[in-house]
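In what follows, every chain begins at residue 1, and chains take the letters A, B, ... in the order their sequences are listed. Every heavy atom of this structure was used, including side-chain atoms; hydrogens, water molecules and symmetry mates were not.
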Protein chains: 2
Amino acid sequence: MRAEALKGHLDGLLLAALEDGPLHGYAVKEALRETTEGRIDLPTGTVYPALHRLERADLITGSWSVVGGRRRRTYELTAAGRTALSGERAGWQEFATAVTAALGARQWPATT
Amino acid sequence: MRAEALKGHLDGLLLAALEDGPLHGYAVKEALRETTEGRIDLPTGTVYPALHRLERADLITGSWSVVGGRRRRTYELTAAGRTALSGERAGWQEFATAVTAALGARQWPATT
DNA sequence: CGCTATATATAGCAATGCTACGTATGGAGG
DNA sequence: CCTCCATACGTAGCATTGCTATATATAGCG
């Protein structure tokens, strides 16, 4: 996967990962890797700053805890975060439609 | 359409626009606007530098002409450009599959 | 004669994700 | 015991990329 491809789409992915319940940063990274079958495997230097940005924007809220001797920051979506997620999804649909049309790639990838 | 969304996908779109035959820069911009029903309407400050970059990379070749008193630079795909286009398409499929899976947007946009 | 569409160009900017590094804990394997 | 790996978080600085703003020039319309 080309690195630059992700630009502008990361926030939506992170928000989506948190939709089904709170997760800490590392778990978000792992969740993303799993739901995409390894295709999106973000470096920690991408994930943590992005989560901080989302928290500053009040799209997620985080809280510290210690589990198994390791400290974690667990995040969950705010109301604004849910709204933003739905906007990101709509934006993605529109973007994907446009790019697909322009690329002339007439087949959508399998939904599996 | 969020501006940053396009990052990393522009080259493929430009190459695709040239697939069915040579076009000059302005025509590429117009073609893209039309095939995407106005969703992708690139500013000239995006199109021309991008075409220059593609030409420097030998993915397209350009030649000057004057039509109706206006000078044009008409571009066409090189063999390397066709290869690159097919790579861009494959990359897009993979990327789109991954993002769709991660976003949990289970519906693909209509192919219309 | 001014406005719009056509046609191209570039300098500088803003945003974004990545690279590379650093800190720390717990458990597995030698 | 000690090393290595996975877990868990963090930041500074960088590279890339497309956009904004601005500039030039011609043709045609009102």
Quiz item: A/Thr44 side-chain donor-acceptor pair to D/dA8 base, under 3.5 Å: no

5' priority, DNA chain D, between A/Trp64 and B/Pro49 [closest heavy atom]: A/Trp64

With a 4.5 Å cut-off on side-chain heavy atoms, are [Y] and [X] touching?
| X | Y | result |
| --- | --- | --- |
| A/Glu19 | A/Leu85 | yes |
| B/Leu13 | B/Ile40 | yes |
| B/Arg53 | B/Asp11 | yes |
| A/Trp92 | B/Thr100 | yes |
| A/Tyr75 | A/His24 | no |

Return the value, rounded to whole Å, for the distance between atom [atom1] of [X] and atom [atom2] of [N].
| X | N | atom1 | atom2 | answer |
| --- | --- | --- | --- | --- |
| B/Glu55 | C/dT10 | CD | P | 12 Å |
| A/Asp41 | D/dA6 | CG | C1' | 13 Å |
| A/Leu42 | D/dT7 | CG | C1' | 17 Å |
| B/Glu4 | D/dT20 | CD | P | 11 Å |
| B/Glu30 | C/dA7 | CD | P | 9 Å |
| B/Tyr48 | D/dA25 | OH | C1' | 12 Å |
| A/Arg53 | D/dC9 | CZ | P | 17 Å |
| A/Leu54 | C/dT16 | CG | P | 11 Å |

Atom of B/Leu23, atom of B/Ala17 and distance for their closest heavy-atom approach: CD1-O, 3.5 Å

Over all atoms of both residues, closest heavy-atom pair of B/Pro49 and B/Thr44: CD-O, 3.7 Å

Check: A/Ala79 main-chain N/O paired with A/Thr83 side-chain donor or acceptor under 3.5 Å: yes

Test item: B/Lys29 side-chain N/O and B/Leu42 main-chain N/O as donor-acceptor pair under 3.5 Å: yes

DNA chain C contacts made by residues 68-78 of chain B, counting heavy atoms under 4.0 Å: B/Arg70, B/Arg71, B/Arg72, B/Arg73

Any residue of residues 5-29 of chain A with a heavy atom less than 4.0 Å from an atom of DNA chain D: A/Lys7, A/His24, A/Gly25, A/Tyr26

